[in-house]
Amino acid sequence: MAEERKTLEQRQQMSDLERLRHSAAHVLATAILKIWPEAQLAAGPPVDTGFYYDLELSHRITPEDFTRIEEEMRKETKANNVFERQVVSRYEALELATKGRIGALDDRATASKFKLDIISGIPEHEEISLYRNGDFVDLCAGPHVMRTGNIGAFKLTHVASAYYKGDERNPQLQRIYGTAFKNKTELEAYFTMQEEARKRDHRKLGREMELFTFDEDVGPGLPLWLPNGTVLIEELERLAKETEFAAGYQRVRTPHLARENMYLTSGHLPYYAESMFPPMELAEKDADGQITVSDKYYLKAMNCPHHHKIYKAVPHSYRDLPLRLAEYGTCYRYEQSGELLGLHRVRSMQMNDAHIYCTPEQFEAEFMAVNEMYLNYFKIFGLGDYLMRFSTHDPARLGEKFVNEPELWKQTEEMVRAVLVKSGIKYVEVPNEAAFYGPKIDVQVWSAIGREFTIATNQVDFAVPSRFGLVYKDRDNTEKTPLCIHRAPLGTHERFIGFLIEHYAGNFPLWLAPEQVRILPIGAEDELVAAARDLENEMRALGIRVTSDVSTDKINGKVLRAEESKVHTMLVVGKRDLEAGCVSVRLHGKGNLGARPRAEVISDLAASVRERRAN
């Protein structure tokens with residue numbers, strides 16, 4: 001998907017850290033040009049984890065080059081050059097880029113081709129500016145720190161390939177990544193967290209714990225869930241279904257594809273076309289043998305149009321509202337191959353989706369109830385650090401990126417804002433990032449080691465229900481269009497489970513653990529094996545996921561194997577335990593808790609699972 005250009009207003013809202021990292025990207029470009037003056041620079045923005053610069057260069061940059069590049073960067077920061085801003089006319093900018101002066105240390109024989117292209121994309125009304133630090137001049141809207149010496153501590157991290165402007169039809173460039181902080185202490189803390197994150201990487205743990213896999217014959221971004229991973233899916237679905245049933249939701253089922261016409265009605269075509277798989281075209285032969293396309297079907301990229309059709313299938317009055325339709329629906333989205341990342345970015349996903357159809361008077365209570373559902377889930381999973389990102393529209397882009405209904409945008413944004421303020425939930429407001437049909441909330445959470453994730457979304461739709469002709473009879477017997485709240489508190493299985501793997505480091509609480517209990521007899525005598533099987537059967541009858549290791553291995557080997565498999569609870573059974581009617585309890589990572597009466601242990605384990613305790 002092509003990268004979206006930020007407005008000048010968005011750029012001016014950069015945080016101090018983003019400004020520092022943006023400036024570090026310019027220092028990186030300066031260093032690269034001092035080593036390879038022929039490099040063609042494209043763009044170098046700050047990102048969540050640092051910064052990068054895209055460039056075209058015949059030399060393939062590798063991590064072995066980083067020491068040399070960083071040395072040049074240090075020379076530039078030591079020089080303490082001022083970041084000087086210069087406003088130029090479009091003609092001046094084009095002339096400088098043609099001379100090769102922009103994105104360079106001096107005039108060059110070759111034009112700055114990517115800068116020329118970027119200039120051509122700047123709106124006519126928008127001011128064009130350059131930034132200079134030392135000899136380096138770049139096309140840039142800013143902002144920056146005052147001097148290169150203000151860039152504290154930095155480090156290059158990795159190099160990747162990226163299509164120019166994120167479009168696979170464009171040239172493939174080298175992308176050099178780095179990060180920067182105000183000081184060395186913060187930089188070192190960041191890399192300590194990164195090291196811990198590598199240990200918790202859901203792709204690594206997913207392989208080790210046999211949770212999921214990808215297969216080239218199946219296709220990139222299409223996960224296969226192994227039995228252990230399927231346990232996680234089923235437990236999350238059970239939690240969602242119980243929660244939604246208690247909250248008055250009704251479950252529905254929809255197919256995995258639909259005709260093109262439905263997505264044209266919803267507006268997902270053409271607004272969302274780049275994120276959808278290409279259509280399946282049904283061809284027919286006419287009487288002359290000519291083949292023509294008779295129909296087009298698309299894989300479902302979202303559940304909402306199907307749910308709108310379910311709403312419309314039955315007449316509704318105001319007495320029927322709010323109507324809450326829920327489904328763990330499977331959706332398919334065409335993520336670019338370079339954007340796929342384990343479970344976090346996939347092409348097939350199962351979404352904890354629901355759509356609430358309500359009157360304007362019911363909106364506040366319904367929206368607050370959804371927020372309460374989020375908070376309940378956060379408590380279950382031990383998530384104390386979270387933030388709601390309230391995304392609004394840009395009035396200048398009505399009819400282009402956003403549905404052209406200015407009054408409805410104003411009304412619904414005010415309603416969402418009022419609910420957020422009233423509920424006391426932490427939130428920030430982000431302009432120009434709403435859905436095309438209404439304002440939305442993205443839920444940001446931080447894992448146990450402080451990594452930020454977007455796990456869920458909550459959207460208000462005032463436009464699409466009217467496109468589908470959705471109505472209800474109001475008290476005065478007139479037909480009115482309901483508001484629709486799109487909500488997915490647990491996001492998709494793929495993204496949420498990827499988050500949970502890293503959050504818990506694979507050490508899931510008992511209720512969620514793929515293997516909850518493993519019974520370890522001390523020896524392989526018939527009496528001990530029979531006791532282990534009897535204990536296993538009793539616990540399995542209570543719905544506890546339990547196995548027995550009746551191998552002839554020594555008990556230390558059995559314990560080690562269970563620990564490596566991240567089994568939550570180990571019950572060690574020896575002859576003395578049998579005589580006393582006890583079992584010895586071990587918890588993963590916590591060691592031996594001692595012997596306890598068998599019935600008490602079983603009762604406590606069953607209660608822990610039933611109550612979804614965070615242990």
Side-chain angles (χ1 to χ4, degrees), residues 4 262-273 275 301-309 311-312 321-326 331 333 351-371 373-374 388-423 425 427-444 454 456-472 480-489 491:
E4 187 171 317
M262 186 173 76
Y263 296 119
L264 290 170
T265 300
S266 69
H268 289 100
L269 290 176
Y271 285 103
Y272 205 75
S275 294
M302 61 295 295
N303 299 303
C304 36
H306 290 78
H307 287 194
H308 295 335
K309 288 292 188 181
Y311 178 97
K312 193 175 182 180
L321 305 185
L323 178 65
R324 309 176 189 96
L325 302 179
C331 297
R333 295 181 184 171
M351 188 177 296
N352 171 225
D353 215 352
H355 296 87
I356 302 170
Y357 302 89
C358 64
T359 68
E361 296 77 22
Q362 294 167 335
F363 174 82
E364 179 178 324
E366 290 302 308
F367 206 80
M368 288 195 74
V370 170
N371 288 340
M373 188 179 290
Y374 280 111
M388 306 286 192
R389 293 181 80 254
F390 172 33
S391 298
T392 59
H393 78 300
D394 178 0
R397 302 192 68 181
L398 289 172
E400 174 197 344
K401 183 180 177 182
F402 306 107
V403 172
N404 193 13
E405 296 283 356
E407 288 305 312
L408 285 173
W409 276 107
K410 182 178 178 182
Q411 176 187 355
T412 52
E413 286 176 356
E414 287 177 352
M415 290 166 69
V416 173
R417 191 179 292 110
V419 171
L420 288 170
V421 171
K422 186 174 182 178
S423 64
I425 289 177
Y427 80 96
V428 293
E429 198 160 320
V430 185
N432 197 35
E433 291 190 15
F436 75 85
Y437 47 68
K440 70 171 182 174
I441 290 174
D442 290 311
V443 183
Q444 314 292 121
T454 301
T457 189
N458 194 9
Q459 302 172 356
V460 183
D461 185 351
F462 57 76
V464 180
S466 63
R467 293 186 180 203
F468 279 86
L470 306 189
V471 296
Y472 64 93
K480 293 182 180 177
T481 301
L483 285 174
C484 179
I485 300 172
H486 304 241
R487 43 109 290 183

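Start at 1 with the first residue, then count along the sequence.
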- Task: List the atom of Cys358, the atom of Pro322, and the distance in Å for their closest heavy-atom pair.
- Result: CB-CB, 4.1 Å
- Name of the residue among Arg397, Arg389, Lys440 meeting salt bridge (Lys or Arg N to Asp or Glu O under 4.0 Å) with Glu433: Arg389
- Query: Judged by modelled atom types alone, do His486 and Asn458 share a side-chain donor-acceptor pair under 3.5 Å?
  - Reply: no
- Tightest non-hydrogen contact, residues His355 and Cys304, listed as NE2-CB, 3.1 Å
- d(Tyr311 OH, Cys484 SG) to nearest 0.5 Å is 10.0 Å
- Set of ring pair (Phe, Tyr, Trp, His ring centres under 6.0 Å) partners for His306, sequence neighbours left out: none
- Answer whether the closest heavy-atom distance between the side chains of Leu323 and Ile356 falls below 4.5 Å. no
- Message: Given 3.5 Å as the limit, does a donor-acceptor pair link the side chain of Thr457 with the main chain of Ile441, or not?
- Response: yes
- Query: Looking at CG of Asn303 and CG of Leu325, how far apart are the two atoms once the value is rounded to the nearest 0.5 Å?
  - Reply: 11.0 Å
- What's the spacing between Met302 CE and Asp353 CG if we round to 0.5 Å? 10.5 Å
- Note on the structure: When rounded to the nearest 0.5 Å, the distance separating OG1 of Thr481 from CZ of Arg467 is 13.0 Å
- Query: Between OG1 of Thr359 and OH of Tyr472, what distance do you get to the nearest 0.5 Å?
  - Reply: 5.0 Å
- Quick one: closest heavy-atom pair of Arg487 and Met373, and the distance? NH1-SD, 3.4 Å
- Kindly give the heavy-atom pair with the smallest separation between Ala434 and Phe402, and that separation in Å. O-CE2, 3.4 Å
- Task: Start with the C-alpha distance between Phe436 and His268, add both sets of side-chain angles, then the distance that settles ring pair (Phe, Tyr, Trp, His ring centres under 6.0 Å), and finish with yes or no.
- Result: CA-CA 9 Å; Phe436 75 85; His268 289 100; 5.5 Å; yes
- Query: How would you list, by chain and number, every residue that makes a side chain to side chain contact (heavy atoms under 4.5 Å, CB included) with Thr454, sequence neighbours excluded?
  - Reply: Asp442, Gln444, Arg495
- Can you pull the side chain to side chain donor-acceptor pair (under 3.5 Å) pairs that have at least one residue in residues 402-418, sequence neighbours excluded? His393-Glu413, Arg417-Glu429
- Quick one: pull up CG in Leu321 and CG in Leu483 and give me the separation to the nearest 0.5 Å. 10.5 Å
- Query: Do Tyr437 and Val460 have side-chain heavy atoms sitting under 4.5 Å apart?
  - Reply: no
- Task: Kindly write out the residues that satisfy side chain to side chain contact (heavy atoms under 4.5 Å, CB included) with Ala456, not counting sequence neighbours, or none if the list is empty.
- Result: Tyr374, Val443
- Task: Please report the closest heavy-atom contact between Pro406 and Leu398, naming both atoms and the distance.
- Result: CB-CD1, 3.9 Å
- Item | Residues in ring pair (Phe, Tyr, Trp, His ring centres under 6.0 Å) contact with Phe390, at least two apart in sequence or another chain | none
- Message: Evaluate Leu420 against Asn371 for side chain to side chain contact (heavy atoms under 4.5 Å, CB included), listing each step before the verdict.
- Response: CA-CA 9 Å; Leu420 288 170; Asn371 288 340; 4.3 Å; yes
- Query: Nearest heavy-atom pair of Cys331 and Ala301: which atoms, and what distance?
  - Reply: CB-O, 3.7 Å
- Go through the structure and list residues passing ring pair (Phe, Tyr, Trp, His ring centres under 6.0 Å) with His308, not counting sequence neighbours. Tyr357, Phe468
- Residues Glu366 and Arg324 bridged, charged N to O under 4.0 Å: yes
